[in-house]
Asks: 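Here's a structure for you.
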Amino acid sequence: MATATQCSSPSNAPTDDNNGLLSATVIAGLKNLGTTLTAVISKTLIANSLKLTLHPDAIIAPVPEIYATNAASAKQSEYAVVTLYAVATKHGWSSITLRQQLDALELNASAIDELTRVYEDNRKDLVLRQLQLGHNFPHITDVQWRIVCDVKSSTSDCSSGAPHFNINLGHYRQSSGERVTVVEFVCNAEELQSLVNRLKDIERHCNQVAIT
């Protein structure tokens, strides 16, 4: 009988598909940097994503130019960069390891340089943020929402008139009963319906797993 032997690789060596740590959506978002999104926009987006990573509870001033030409790709890339830095920090990647992982994904060279530089320059702050969060995902036990509608005023003709939903997900501290915001975001009706449908898919999948 033939037996297979498995050899361990050095911790700094790149691994196929990042051992599944980065989803296809994240990888696609990273590949937008320096290609679909210009190098200048990509650099601004990476800097803004770092702010969102380090200060998720703060009110970060919007940067309209990031979304001016291709909002969908920009949002995907912003999510991808935040996820990348969270994964890299959680798994203790060095800047060398990060660069090797990005090289393996065949990203744009200037994007790799900027992602690696920002990670190296802010790694200490990213680690401190990770320690504050701990290693467990927060539990969502409460949802608050409100409708925001852009209406035409007497001073401006620029109005879509379409309602948007401000969604706030959070939980309550057991010790004090204080409500803590985990994430807050804005979406339109179509995006909200897509989110609801995905949550229903997750629920169905969990029910099927529980039955089997």
Side-chain angles (χ1 to χ4, degrees), residues 18-23 25-26 29 44-64 66-67 74-95 98 115 118-151 162-211:
N18 301 276
N19 282 332
L21 296 175
L22 300 180
S23 68
T25 299
V26 170
T44 304
L45 184 147
I46 292 170
N48 195 62
S49 298
L50 176 70
K51 294 178 182 178
L52 295 172
T53 304
L54 294 177
H55 312 288
D57 298 328
I59 299 177
I60 307 297
V63 186
I66 293 178
Y67 315 101
K75 289 179 181 179
Q76 183 184 34
S77 295
E78 197 169 61
Y79 165 74
V81 174
V82 170
T83 302
L84 172 69
Y85 285 156
V87 169
T89 305
K90 181 175 181 179
H91 292 274
W93 289 358
S94 66
S95 57
L98 178 70
L115 287 166
V118 170
Y119 180 71
E120 175 65 21
D121 291 348
N122 298 275
R123 189 180 175 199
K124 180 178 178 180
D125 291 333
L126 288 166
V127 171
L128 290 175
R129 179 59 188 167
Q130 182 68 43
L131 292 175
Q132 292 173 354
L133 292 174
H135 296 284
N136 296 321
F137 290 109
H139 286 223
I140 304 295
T141 59
D142 183 67
V143 180
Q144 296 179 356
W145 62 276
R146 59 189 174 91
I147 298 178
V148 180
C149 188
D150 181 22
V151 296
H164 285 74
F165 299 88
N166 187 301
I167 312 294
N168 184 300
L169 307 179
H171 65 89
Y172 292 92
R173 298 186 189 276
Q174 293 183 352
S175 57
S176 62
E178 175 190 6
R179 189 184 187 280
V180 178
T181 295
V182 175
V183 64
E184 186 172 11
F185 60 92
V186 176
C187 60
N188 58 32
E190 182 180 354
E191 291 168 335
L192 180 60
Q193 186 60 55
S194 176
L195 173 62
V196 170
N197 290 338
R198 291 192 178 198
L199 291 174
K200 288 180 179 179
D201 287 341
I202 294 172
E203 181 185 23
R204 284 193 292 268
H205 179 72
C206 290
N207 288 336
Q208 292 174 354
V209 171
I211 293 174

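FYI, the numbering just counts along the sequence from 1.
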Asks: State, yes or no, whether a side-chain contact exists between R179 and T181 at a heavy-atom distance under 4.5 Å.
Replies: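 Yes, side chains in contact.
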
Asks: Judged by atom type as modelled, is there a donor-acceptor pair below 3.5 Å linking the side chain of R123 to the main-chain atoms of W93?
Replies: yes

Asks: Would you compute the distance between atom CG of L128 and atom CG of N122 and round it to the nearest 0.5 angstrom?
Replies: 11.5 Å

Asks: Is the shortest heavy-atom distance from the side chain of V63 to the side chain of E78 under 4.5 Å?
Replies: no

Asks: For Y79, does the OH atom have more than 12 heavy-atom neighbours from other residues, nucleotides or ligands under 6.0 Å away?
Replies: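 Result for OH/Y79: open.
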
Asks: Rounded to the nearest 0.5 Å, how far apart are OH of Y172 and CG of D142?
Replies: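 So the gap between those two atoms works out to 4.0 Å.
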
Asks: State the CD1-OG1 distance between I46 and T53, to the nearest 0.5 angstrom.
Replies: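 Here the rounded value is 11.5 Å.
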
Asks: When you compare the side chain of R129 with that of T89, does any pair of heavy atoms fall below 4.5 Å?
Replies: no

Asks: Could you pull out the closest heavy-atom pair between S77 and G29, with the gap in Å?
Replies: OG-O, 2.7 Å

Asks: Going by heavy atoms in the side chains, are Y85 and V118 under 4.5 Å from each other?
Replies: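 Side-chain contact under 4.5 Å: yes.
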
Asks: Can you name the closest pair of heavy atoms from A74 and Y67 and give their distance?
Replies: CB-CD2, 3.8 Å

Asks: Distance-only criterion, 3.5 Å: show the donor-acceptor pairs between side-chain atoms of residues 186-195 and protein atoms not counting sequence neighbours.
Replies:
{"residue": "N188", "atom": "OD1", "partner": "E190", "partner atom": "N", "Å": "3.1"}
{"residue": "N188", "atom": "OD1", "partner": "E191", "partner atom": "N", "Å": "2.7"}
{"residue": "E191", "atom": "OE1", "partner": "N188", "partner atom": "N", "Å": "3.0"}
{"residue": "Q193", "atom": "NE2", "partner": "N197", "partner atom": "OD1", "Å": "3.1"}

Asks: Passes side-chain contact (heavy atoms from CB on, under 4.5 Å), F165 versus V148? Steps please.
Replies: CA-CA 6 Å; F165 299 88; V148 180; over 6 Å; no

Asks: What distance separates H91 NE2 from L98 CG, expressed to the nearest 0.5 Å?
Replies: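 It is 13.0 Å, given to the nearest 0.5 Å.
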
Asks: What is the distance from atom OG of S49 to atom CD1 of I66, rounded to the nearest 0.5 Å?
Replies: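 Reported to 0.5 Å precision, the distance equals 7.0 Å.
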
Asks: Could you state the interatomic distance from CZ (R146) to NE2 (H164), rounded to the nearest 0.5 Å?
Replies: 12.5 Å

Asks: For the residue pair L126 and L50, establish whether any side-chain heavy-atom pair is separated by less than 4.5 Å.
Replies: yes

